[in-house]
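Take a look at the structure set out below.
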Protein chains: 2
Amino acid sequence: MRHFDHPDLDEVALARALSALGDPVRLAIVRTLSDGGEHQVSEMQVEVSQSTLSHHFTTLRKAGVVFIRPEGTRCWHSLRPEFEQRFPGLLVTVLGLE
Amino acid sequence: MRHFDHPDLDEVALARALSALGDPVRLAIVRTLSDGGEHQVSEMQVEVSQSTLSHHFTTLRKAGVVFIRPEGTRCWHSLRPEFEQRFPGLLVTVLGLE
DNA sequence: ATCGATGTTCGACGTTGATAGATGAAGGCG
DNA sequence: CGCCTTCATCTATCAACGTCGAACATCGAT
């Protein structure tokens with residue numbers, strides 16, 4: 001079984017969270033996930049390769065932004081609710097901007 | 001006379017702004033400037049060299065976060081009010097977190 | 001067992017970023 | 001004028017990041 005490490009949000013620094021959000025591709029990912037649902041990697045509509053996309057998901061996961069739930073051969077990605085509690089208002093504010 | 005280029009805020013992407021804020025040293029700088037006043041580089045209390053500090057100020061300036069007003073031999077740094085208009089609530093939210 | 005779908009991991013490459021030391025520019029002061 | 005203060009910039013080094021293709025892993029289906 002595949003294993004994905006999700007960090008304790010208390011150990012995620014603000015600078016790390018901001019840095020994780022500070023990339024156009026990762027912002028696009030977060031926007032897609034912001035509907036609250038679970039999404040596969042293949043649903044992301046960005047013009048980067050699959051491996052690059054996977055790398056960005058890893059960055060977001062290590063920053064505590066996204067949660068990955070493997071199911072069979074697929075991976076369902078969603079925003080971590082704890083992120084909002086750790087950094088209240090941050091994601092809402094960022095997603096409201098462009 | 002020294003010349004400092006301050007970008008048009010409309011040309012600053014959200015990802016760039018977040019990336020600029022996504023560094024511990026630069027967050028400390030922004031916190032110091034958040035009193036609304038003008039500050040010199042020497043007032044910053046971070047354990048990096050002066051040239052590194054200057055580099056971080058350049059990064060913040062190019063991201064539209066800070067304004068530099070040279071006066072004689074000194075340089076007065078302050079937050080750009082336009083930043084709040086370009087990214088409403090972002091700075092307030094970030095500064096309210098830790 | 002083999003195939004296909006879905007992602008991850010592994011080099012590799014080029015770009016960017018962080019850092020420090022040395023240098024330079026501007027002005028105040030004696 | 002020469003010296004000091006202040007701080008940007010230049011140069012150099014090293015690490016980190018974004019990107020890709022290829023190889024690998026996992027699982028369901030055939």
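Summarising the geometry, the separation between NE2 on H55(A) and P on dA16(D) is reported as 13 Å, rounded to the nearest angstrom. Taking atom CG on D23(A) and atom P on dG18(D), their separation rounds to 5 Å, with Å as the unit. For the pair L60(B) CG and dA8(D) C1', the interatomic distance rounds to 15 Å; values are reported in whole Å. With rounding to whole Å, W76(A) atom CH2 is found 16 Å from dC27(D) atom P. Per the geometry, NE2 belonging to H77(B) stands 7 Å off P belonging to dC7(D), to the nearest Å. In this structure, F57(A) places its CZ atom 14 Å from P of dT19(D), rounding to the nearest Å. Distance I68(B) CD1 to dA25(C) C1': 15 Å, rounded to the nearest Å.
Taking CG from L21(B) and CZ from F87(B), the interatomic distance works out to 9.5 Å, rounded to the nearest 0.5 Å. With rounding to the nearest 0.5 angstrom, the CG atom of L53(B) is 11.5 Å from the CD atom of Q45(B). To the nearest 0.5 angstrom, L18(A) atom CG is 10.5 Å from D23(B) atom CG. With rounding to the nearest 0.5 Å, the separation of CE in M44(A) from NE2 in H77(A) is 7.0 Å.
The side chain of T73(A) has dG28(D) as its nearest neighbour among dG28(D), dT19(C), dT9(D). The nucleotide whose nearest atom lies closest to any side-chain atom of C75(A) is, among dT8(C), dT9(D), dT19(D), dT8(C). In this structure, the nucleotide among dT26(D), dA22(C), dA18(C) sitting nearest to the side chain of S51(B) is dA22(C).
For dT19(C), the OP1/OP2 oxygens have no side-chain nitrogen or oxygen of T52(B) closer than 4.0 Å. Considering only side-chain N and O atoms, R26(A) lies under 4.0 angstrom from the phosphate OP1 or OP2 of dG18(D).
T58(B) meets the side chain to side chain donor-acceptor pair (under 3.5 Å) test with no other residue; sequence neighbours excluded.
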Given the rule in the side-chain contact (heavy atoms from CB on, under 4.5 Å) test, do F4(A) and C75(A) qualify, once you have shown the distances and angles that lead to the verdict?
CA-CA 10 Å; F4(A) 295 99; C75(A) 283; 4.1 Å; yes

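Hydrophobic clustering of Ile, Leu, Val, Met, Phe, Trp and Tyr side chains at less than 4.5 Å, counting indirect connections, unites L97(B) with F83(A).
F4(B) comes within 4.0 angstrom of the backbone, heavy atoms only, and of no base. H56(A) comes within contact range of the sugar-phosphate backbone alone, with a heavy-atom separation under 4.0 Å but no base atom that close.
Within residues 38-50 of chain A, the residues having any heavy atom closer than 4.0 Å to DNA chain D are, in order of number, V48(A), S49(A).
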